[in-house]
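Worksheet: one structure, shown below.
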Amino acid sequence: MSKFQRFLLKRLAISVLLTLIAVSVIFVVLRLLPGSPFEALVTSGNLNQEQIDEIRAMYGLDQSIWVQYVNYLGSLLTFQFGYSILRSQPVWDVLEPRLINSLILLVPALVTTAILSSLLGMYAGWNRGSRLEKFSIVSTTLLRSTPVFITAIFFIIVFAYNLEIVPALGMRSIRATPDGYIETFASLDFLHHYILPFTVAVLYYSGDFLLLARNGVVEKRGSEFLKLHRAKGLTEMEQLARAGRNSMLPILTYFTLRLGMIFQGLILLEVVFSWPGIGRELVLAIQQQDYPLVQAAVFIMALAVILANLLADVLYAYFDPTVSTSGGGSA
Amino acid sequence: MTLLNVENLKVTYATDDEPVHAVNDVSFRIDEGVNYGLAGESGSGKSTVAEALLGLLPGNGTVESGTIEFNGTDLTSLSEAERRDVLWEDIAYIPQSAMDSLDPVMSTGDQIAQAIHTHRNVTDAKARDRVRELFEIVGLDPDRIDDYPHEFSGGMRQRVTIAMALALEPDLIIADEPTTGLDVIVQDKIIDKILEIQERMDSSLLLITHEIGVIAETCDELSILYGGKVMEQGSVDNVLVNPTNPYTMGLKNSFPEIDEEDEDPVAIPGSPPNLNREPTACVFRDRCPFATDECGESHPDLVDLPNRNHRSACHRVKEAAQLRRDAVEPETWGIPDEGDADSSRGEVILETDALEKHYEQSQPLLDKLRGEDPDHVKAVDGVSLSVRRSEVLGVAGESGCGKSTLGETMALLEEPTGGDLTFDGETYEYYRDGNLQEFRRKVQIIFQDPFDSLNPRQTVRKLVGEPLTIHDYRTDEKEQAIVETLEKVGLTPAEKFLDSYPHELSGGQRQRVAVAKALVLDPDFLICDEPASMLDVSLKVNLLNLLRGLADAEDIGIVYISHDLASLVQVSDRLAIMYLGRIIEEGDVDRVAAQPEHPYTASLLSAAPEKDPTADRTRVLLDGEPPDPVDLPSGCAFAPRCPKAQESCREAEPAIDETGDERHRAACYFPESEADPTASEATALDDDEFPASANTDSVGD
């Protein structure tokens with residue numbers, strides 16, 4: 001077994017363990033919450049005790065907590081999320097479209113901003129003290145520190161209401177009745193709705209990447225190996241590329257971290273743009289104590305973060321040759 | 001034919017206050033196929049010259065005036081793109097710190113291939129072939145071209161940069177301190193390699209270093225720089241044998257050498273000049289003992305000395321012969337000659353008996369569960385030493401031999417894992433069980449780096465006074481204790497320094513503060529871990545003399561740890577040579593230096609360069625690198641690299657008293673004294689006496 005394989009195996013084992021812990025925490029926390037999803041039904045007086053018992057038995061809530069836990073683990077880990085209590089629909093049928101909607105908005109935004117702002121940040125760091133550097137830092141910090149809904153509302157006011165270039169709300173126009181994802185997303189109407197939230201998301205994420213990349217390059221700029229690269233006759237841009245390559249680890253870390261968190265959606269953005277994403281759905285589900293839905297959503301989010309971390313470790317080993325041989329420098 | 005012609009080069013650095021004039025009117029010329037040396041202390045502008053040649057000056061540095069003519073074209077007038085074409089194709093560069101001048105995330109082979117691809121239009125396969133060839137030339141395994149820099153040791157990384165410099169067979173190679181920071185043995189091998197290759201390629205070499213010895217051995221011509229000015233230049237034989245400039249004389253006299261311990265090195269007092277203005281007077285005037293009024297009026301021009309390749313910038317160049325005679329006397333430089341102070345040694349203050357420090361290696365979980373014994377790194381493995389009062393014990397060895405760990409274990413900063421340590425009549429257990437504070441007061445350690453070991457936010461008063469507060473020692477007369485100690489270490493007048501911060505002091509002064517910090521508690525024992533390795537040669541000698549004086553006057557025992565044998569020989573009474581955690585030779589310093597018994601000691605000694613260019617020295621180049629300390633070979637640890645190793649060496653390990661007597665012992669079955677048949681004919685078999693040491697003359701006590 002090579003060193004890298006052992007490293008990978010170790011990481012995998014840790015990921016599995018983390019998933020188990022996360023799942024258990026969800027289980028305990030939800031049961032610690034006061035009240036139950038059926039309370040509303042009971043207090044409205046429409047159900048008698050027998051019916052309540054029947055419903056509880058249907059959801060398995062009459063069994064001992066340990067049996068519930070084991071059943072819960074088994075179902076969750078086989079991706080059987082059960083039935084939403086309030087929507088009377090399989091949980092996955094509720095979650096899936098929302099999740100896809102969120103991802104289709106945020107993943108391209110994150111990737112775009114990771115590439116563009118990192119490159120810009122590297123360039124700014126290389127030209128330290130230039131106007132470009134100062135301007136880019138100030139503007140991205142401003143965008144980052146303004147709450148995203150304010151930026152969003154500002155954009156809506158300017159581009160949707162004043163200039164009337166794009167629609168203000170929703171993912172598709174009200175009249176559209178698309179069937180399936182391809183029809184939903186592969187249309188000009190969607191693009192029309194998409195462009196504004198996408199831009200806001202890009203701007204929102206940009207500051208962190210820009211600063212990380214800039215700091216990395218500034219730090220590497222005076223280093224001896226760059227001097228040798230310069231002495232070798234590499235052009236300015238080639239040198240910058242090496243400096244950037246050497247400061248990639250923090251950017252990578254941050255990217256994978258954010259990638260994991262995208263599965264939680266960007267609630268404020270979704271609310272402002274009435275984007276039917278997972279963030280909004282989750283808030284709703286928590287409010288109404290829809291156990292199965294919340295459990296499934298939180299599980300997916302936790303799993304995403306854990307997998308993203310695993311991805312980070314693997315990418316580390318690829319991008320930093322010192323990691324794999326020292327048996328996990330990122331641990 | 002002239003390859004490089006530098007004329008009246010002036011370089012300044014812009015700073016927040018006023019520009020720093022780093023290089024002022026430097027001119028020199030390198031002919032084809034010539035090795036040229038550029039020597040000087042730090043701050044002399046030698047690296048700035050190299051950076052100006054390569055166009056690598058940092059953003060705030062500008063070439064104010066002057067021309068750099070290379071093969072007939074003026075480099076300073078080239079555009080950025082034109083200069084890139086010249087770089088590496090014609091002028092290659094070997095950087096200073098091999099440890100961090102290779103790109104950590106690019107394989108070494110790719111980095112060399114990158115240099116080839118930048119300048120030549122060749123296929124990948126061809127470039128790779130060339131890289132393999134280059135690896136072979138510099139003595140690296142060609143199968144390792146895909147390895148990353150962190151998989152190589154320091155010496156091997158320097159070989160990679162040399163291979164890189166050779167890739168396009170340039171006309172000129174600029175090597176900026178290529179061996180600083182490397183061990184003597186590795187340094188010797190690298191220099192040998194550079195010379196060998198350069199001879200084969202017939203390129204010129206510009207070697208920049210502060211080690212006169214390295215220049216004396218490798219170069220044909222040199223310039224001595226000081227304060228951004230050329231003080232003296234010409235052929236190495238003339239300049240170094242008969243210097244005509246007081247600075248060269250001072251520099252040469254302060255370079256310690258192994259085989260002249262009767263002649264104390266003489267340091268140049270003072271510190272380098274402030275270069276905030278263009279020099280109007282002789283830059284060396286403030287430190288020069290021969291300065292006259294004339295020297296204050298103008299900086300002397302370089303004057304050709306008749307009938308030889310030799311130029312010197314000194315107003316009193318005509319009196320050079322007389323100055324030269326005076327310059328060897330310490331009094332000339334205002335240093336009181338303490339003479340050979342009474343070095344009678346007191347009783348034993350610290351003794352170790354089979355002291356061990358093993359580090360456990362982390363092991364896989366599975367092995368831990370199975371209860372397998374983890375591997376150990378035996379950093380210190382059974383070291384028995386004793387140090388008396390007023391005695392300086394030198395500990396020498398390559399990096400990684402465990403000498404620093406030994407120092408830290410002796411200071412109980414690391415807990416010993418075996419063996420005994422007795423200090424001042426009490427055992428290690430006594431101190432460990434509640435009396436550590438007392439031990440900490442009596443035993444002080446001075447670390448390697450004076451730049452890092454002082455808190456930058458504390459004044460000298462606070463720095464030196466802090467130990468007093470911690471140990472509640474002389475607290476009622478604190479100020480007086482601080483002043484006394486500062487004066488003891490030569491920071492006079494002490495009042496001038498009390499309120500300074502570390503960044504306001506020079507490197508030598510900082511190290512003195514570090515020494516004062518240790519001495520303020522009136523310790524009985526001092527452990528110095530490479531205290532001089534970051535200092536310029538004249539500062540180094542100052543520190544060595546200071547420590548020597550302290551040992552004699554204050555009656556304290558000192559352990560001086562270093563890889564620099566020449567300075568160890570200067571300062572020590574006894575010398576212990578360490579290899580892979582063990583002491584392999586130990587004895588009185590003159591006997592070890594003059595008549596080494598262990599082959600390893602012999603090769604260490606022979607690796608130190610000579611400052612006299614006429615002297616010949618036979619190199620004993622050791623093969624390979626020290627073995628992995630986790631998985632030591634059985635028998636003598638040195639056997640795999642030893643030129644004399646026999647079967648018996650690999651079977652059983654020789655004990656320290658295998659050869660020799662109390663005053664000089666060595667762990668070797670085949671000591672040097674027995675190997676040389678002419679020297680040891682008579683009494684080699686019964687080795688009570690050392691026949692060869694009787695023949696050597698310069699051995700003095």
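Numbered from 1 within each chain, the chains take letters A, B, ... in sequence-line order. Just so we're clear, the structure is a prediction, and the values are computed from it rather than from any experiment. These values consider heavy atoms only, across backbone and side chains, with no hydrogens, waters or symmetry-generated copies.
Residue contact with chain A, scored on non-hydrogen atoms closer than 4.5 Å, involves the backbone and the side chain of Tyr93(B) alike.
Per-residue heavy-atom pair counts under 4.5 Å with chain A were compared for Leu87(B), Asp100(B), Asp103(B), and the maximum is reached by Asp103(B). Between chain A and the options Ala115(B), Pro104(B), Ala167(B), heavy-atom pairs under 4.5 Å are most frequent for Pro104(B). Contact tally against chain A (heavy-atom pairs below 4.5 Å) for Ile94(B), Leu54(B), Ile91(B), Leu102(B): the top residue is Leu102(B). Among the candidates Arg83(B), Gln111(B), Glu80(B), the residue making the largest number of heavy-atom pairs closer than 4.5 Å to chain A is Gln111(B).
The environment of CZ in Arg128(A) is sparse: at most 12 heavy-atom neighbours from other residues, nucleotides or ligands sit within 6.0 Å. In the displayed structure, Asn121(B) atom CG is contacted under 6.0 Å by at most 12 heavy atoms of other residues, nucleotides or ligands. Heavy atoms from other residues, nucleotides or ligands lying under 6.0 Å from OH of Tyr123(A) number 12 at most.
The shortest side-chain heavy-atom distance between Asn246(A) and Met106(B) does not fall under the 4.5 Å cut-off. Between Arg242(A) and Gln114(B), the closest side-chain pair of non-hydrogen atoms falls below 4.5 Å. Lys232(A) places none of its side-chain heavy atoms less than 4.5 Å from the side chain of Thr118(B).
At a heavy-atom separation below 4.5 angstrom, chain B is approached by Glu224(A), Phe225(A), Lys227(A), Leu228(A), His229(A), Arg230(A), Ala231(A) within residues 218-231 of chain A.
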